[in-house]
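See below for the structure under consideration.
Lettering follows sequence order; numbering is per chain, from 1.
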Protein chains: 2
Amino acid sequence: MAATHSARAQRLRDAGYRLTSARLAVLEALERSQGHVTSAELLQMTPDVGRASVYRALDLFTRLAIVRPAWLQDSSTPRYLLLPDGHHHHILCTACDRVIDFDDCHLEPLQRELETRYGMRLRGHLLEFYGRCPDCVDRTEG
Amino acid sequence: MAATHSARAQRLRDAGYRLTSARLAVLEALERSQGHVTSAELLQMTPDVGRASVYRALDLFTRLAIVRPAWLQDSSTPRYLLLPDGHHHHILCTACDRVIDFDDCHLEPLQRELETRYGMRLRGHLLEFYGRCPDCVDRTEG
DNA sequence: ATTACTGCAAAGCCTTTGCAAGCCC
DNA sequence: GGGCTTGCAAAGGCTTTGCAGTAAT
């Protein structure tokens, strides 16, 4: 086990879960891949971890909001996106699956309006834009 | 087969596919459910349609951009969202998994800004808020 | 009349479960 | 040391496939 752990590993521990080598291996694989991998890719990246433990780790990470399964155009299985702390906004290129992150969303006014309208208490949000990145625009258009 | 068909059914026909009773049944089930259903729910809603045909219809609808599979918080299987107009916005109650839809997002200015900033051509977006619905707020807070 | 499409059922694949052993705390 | 967690393998469940019959055009 490594001497230092990522902030996400710390969140695991803070939530009362043990920092096992299996969980750390899956977490490091996610962070290494910048987080839009399928379970199959993750299984390949962690050959020393049992399949069941990979799935159990993904389930745990999902419940702790460390990752989020999402459908990125092509695949028939979910891809797991790392959720950075705070805002989670991406732009997805539907041609090459590139993910661009951005921070400014200016959604706080809308969030407050929705809280009032529906009587909800909102804690966070996810915003994804879909389109084509510069490379793919060039490659697929006149 | 019904005498009149929805605009989506027309898109099917325009794309060169036959308007079969199986496809219409699945499409009507999607429209009736406002489109947050899993394949399992869809299978229940179309007892007269063979399972394989339901899956084949969903695959076809996905390729035609009539629906979009998405992971909404809870389920381990995708939920199929009807894509009416490019906007897909929900509020998810993280306690009871209730889903509330809303239409106004005012994200067009942001979308245009991001297109300029990253050189992308954006076609659509997904916005999800996470929180607690009125019932669950009452139930879980002092 | 053509041929795309359906339905059934079996095959296929990914994911989950059960349980003894192992490791974190 | 206690008990959460792992790993293996088998079970499980959803999805896909093959093929002959059926229906849309």
Side-chain angles (χ1 to χ4, degrees), chain A residues 1-6 8-30 37-64 66-67 69-72 74-80, chain B residues 1-6 8-30 37-64 66-67 69-72 74-80:
Chain A
M1 194 183 312
T4 61
H5 303 129
S6 70
R8 295 190 183 87
Q10 195 58 47
R11 280 167 62 191
L12 255 187
R13 161 170 276 150
D14 292 345
Y17 295 95
R18 295 182 180 174
L19 283 192
T20 66
S21 57
R23 284 169 179 163
L24 287 173
V26 174
L27 183 54
E28 280 163 18
L30 281 164
V37 286
T38 62
S39 56
E41 291 164 343
L42 225 36
L43 288 169
Q44 284 181 12
M45 296 173 74
T46 56
D48 297 335
V49 180
R51 298 165 188 13
S53 295
V54 173
Y55 286 109
R56 284 187 281 231
L58 284 173
D59 180 60
L60 177 62
F61 295 169
T62 300
R63 281 186 282 114
L64 291 178
I66 290 174
V67 297
W71 183 282
L72 296 188
D74 60 326
S75 58
S76 56
T77 46
R79 290 179 175 277
Y80 290 87
Chain B
M1 193 183 313
T4 60
H5 304 128
S6 70
R8 296 190 183 88
Q10 196 57 47
R11 281 168 61 191
L12 255 188
R13 161 169 276 150
D14 293 345
Y17 296 94
R18 294 183 181 175
L19 283 192
T20 66
S21 58
R23 285 170 179 163
L24 287 173
V26 174
L27 183 54
E28 279 163 18
L30 280 164
V37 286
T38 61
S39 55
E41 291 164 344
L42 224 35
L43 287 168
Q44 284 181 10
M45 297 173 74
T46 55
D48 297 335
V49 179
R51 299 165 193 3
S53 295
V54 173
Y55 286 110
R56 284 187 281 232
L58 283 174
D59 180 59
L60 176 61
F61 295 169
T62 300
R63 280 185 283 114
L64 292 178
I66 289 174
V67 297
W71 266 262
L72 294 187
D74 60 325
S75 58
S76 56
T77 47
R79 302 184 98 85
Y80 290 88

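Rounded to whole Å, the distance from CD on A:Gln10 to P on C:dC25 is 10 Å. Atom CG in A:Leu58 sits about 9 Å away from atom P in C:dT16, given to the nearest Å. Regarding B:Phe61, its CZ atom lies at a distance of 13 Å from the C1' atom of C:dC5, rounded to whole Å. Regarding B:Arg13, its CZ atom lies at a distance of 11 Å from the P atom of D:dA24, rounded to whole Å. Between the CG atom of A:Leu12 and the C1' atom of C:dC24 there is a distance of 13 Å, rounded to whole Å. In this structure, A:Asp59 atom CG and D:dT5 atom P are separated by 12 Å, rounded to whole Å. When rounded to the nearest whole Å, the span between CG of A:Leu60 and C1' of D:dC4 equals 12 Å. For the pair A:Asp14 CG and C:dC25 C1', the computed distance is 15 Å after rounding to whole Å.
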Q: Show the numbers, then the answer: is there a side chain to side chain contact (heavy atoms under 4.5 Å, CB included) between A:Arg11 and A:Ile66?
A: CA-CA 9 Å; A:Arg11 280 167 62 191; A:Ile66 290 174; 3.9 Å; yes
Q: Step by step, work out the side chain to side chain contact (heavy atoms under 4.5 Å, CB included) result for B:Leu24 and B:Leu12.
A: CA-CA 10 Å; B:Leu24 287 173; B:Leu12 255 188; 5.8 Å; no
Q: Show your working on side chain to side chain contact (heavy atoms under 4.5 Å, CB included) between A:Arg23 and A:Arg18 and close with a plain yes or no.
A: CA-CA 9 Å; A:Arg23 284 169 179 163; A:Arg18 295 182 180 174; 4.2 Å; yes
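Distance alone, capped at 3.5 Å, places no donor-acceptor pair between the A:Gln44 side chain and the A:Glu41 backbone. Side chain of A:Arg51 to backbone of A:Leu43: no donor-acceptor contact under 3.5 angstrom is found.
The nucleotide whose nearest atom lies closest to any side-chain atom of B:Arg18 is, among C:dC25, D:dC14, C:dT3, C:dT3.
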Short N/O separations, protein against nucleotides 6-9 of chain C, under 3.5 angstrom:
unit_1: C:dT6; atom_1: OP1; unit_2: B:Thr20; atom_2: OG1; d: 2.8
unit_1: C:dG7; atom_1: OP1; unit_2: B:Asp48; atom_2: O; d: 3.4
unit_1: C:dG7; atom_1: OP2; unit_2: B:Gly50; atom_2: N; d: 3.0
unit_1: C:dG7; atom_1: OP2; unit_2: B:Ser53; atom_2: OG; d: 2.8
unit_1: C:dG7; atom_1: N7; unit_2: B:Arg56; atom_2: NH2; d: 2.6
unit_1: C:dG7; atom_1: O6; unit_2: B:Arg56; atom_2: NH1; d: 3.4
unit_1: C:dG7; atom_1: O6; unit_2: B:Arg56; atom_2: NH2; d: 3.4

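The shortest non-hydrogen separation linking A:Leu58 to A:Val67 is O-CG2, 4.2 Å.
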